[in-house]
Amino acid sequence: QVQLVESGGGLVQAGGSLRLSCARSGRIFNRKAMGWFRQAPGKQREFVGAISWSGSSTYYADSVKGRFTISRDNAKNMVYLQMNSLKPEDTAVYYCAAARMDSGLEYSYNYAYWGQGTQVTVSS
C-alpha cells in the first residue's frame, strides 16, 4: 500500500507562486511515474503534469506548460509541483497520484494511489 500526502496549498494573488509537495510512504514494489491532477468546483478532475520515475521525463497540460514545473527526490520519497505566474483559473484542489504504468499518464484511471488533495486558491 502507498500513502500520499500533499501539502503547500493556500491562498495567493494572481501572478504569485506556490510549491506543492507530495510525500510518499508505504511499500512501493513498482517504480512508476507520479502525476499531479486538479479539480475545480463543478468540474472534472484534470491532468496537470507527470514525471517519470527517474525524473528525466516530464509532461504537462497545455494550460500550465511554461508556468508549472514538476520535480522529484526519490531518496526522500517526495514529489513537487512548482507553480509560477498563477492565475485565478488555477484555483482547484490539487492531488498527487502514483501511476500504475509509464504511459497514458494524462488519464486518471492509470493511477493506482491518490492523496487527499490540497486547496490552491488564486485571487484576482
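The first residue in the sequence is number 1, and the count goes up from there.
Separation of atoms CD (Gln82) and OG (Ser71) is listed at 8.0 Å; rounding is to 0.5 Å. Expressed to the nearest 0.5 Å, how far CD of Gln13 lies from OG1 of Thr121 amounts to 13.0 Å. The distance from atom SG of Cys96 to atom CZ of Arg24, rounded to the nearest 0.5 Å, is 9.0 Å. To the nearest 0.5 angstrom, Arg38 atom CZ is 8.0 Å from Glu89 atom CD. The CE atom of Met83 sits 9.5 Å away from the CZ atom of Arg67 when rounded to the nearest 0.5 Å. With rounding to the nearest 0.5 Å, the separation of SG in Cys22 from CD in Glu6 is 5.5 Å.
The shortest heavy-atom contact between Gly49 and Ile70 is C-CD1, 3.1 Å. Contact record, Ala14 with Ser124: CB-CA, 4.4 Å, taken as the closest heavy-atom pair. Between Ala92 and Ala40 the shortest heavy-atom distance is CB-N, 3.8 Å. Shown here for Val48 and Val64, the closest heavy-atom pair between the two residues is O-CG2, 3.4 Å.
The residue from Thr69, Leu20, Ile51 that alone fulfils the side-chain contact (heavy atoms from CB on, under 4.5 Å) condition with Leu81 is Leu20.
The shortest distance between side-chain heavy atoms of Leu18 and Val120 falls below 4.5 Å.
Phe37 and Tyr59 fall within a single hydrophobic cluster, where Ile, Leu, Val, Met, Phe, Trp and Tyr are joined by side-chain heavy atoms under 4.5 Å apart, directly or via other members. Hydrophobic clustering keeps Tyr111 apart from Leu4 (ILVMFWY residues linked when any side-chain heavy atoms are closer than 4.5 Å, directly or through intermediates). Residues Val2 and Met34 are members of one and the same hydrophobic cluster, defined by side-chain heavy-atom contacts under 4.5 angstrom among Ile, Leu, Val, Met, Phe, Trp and Tyr. There is a path of hydrophobic side-chain contacts, each under 4.5 Å, that joins Tyr94 to Val12.
Relative to the six-membered ring of Tyr95, Arg45 meets both conditions, a distance below 6.0 Å and an angle of at most 45° to the axis. In this structure, Arg72 is not positioned above the aromatic face of Tyr80 in the sense of NZ or CZ being under 6.0 Å from the six-membered ring centre and within 45° of the axis.
Of the possible polar contacts, none joining the Ser57 side chain to the Ser52 backbone as a donor-acceptor pair under 3.5 Å is found. A donor-acceptor pair under 3.5 Å links the side-chain atoms of Arg100 to the main chain of Tyr109, judged by distance alone. Here the side chain of Asn110 pairs a donor or acceptor atom with the backbone of Gly104 at under 3.5 angstrom.
Tyr60 and Phe47 have their aromatic ring centers separated by at least 6.0 angstrom. If you look at Trp36 and Phe68, their ring centroids are not closer than 6.0 Å.
Electrostatic pairing of Asp62 and Lys65 counts as a salt bridge here, judged by a charged N lying under 4.0 Å from a carboxylate O.
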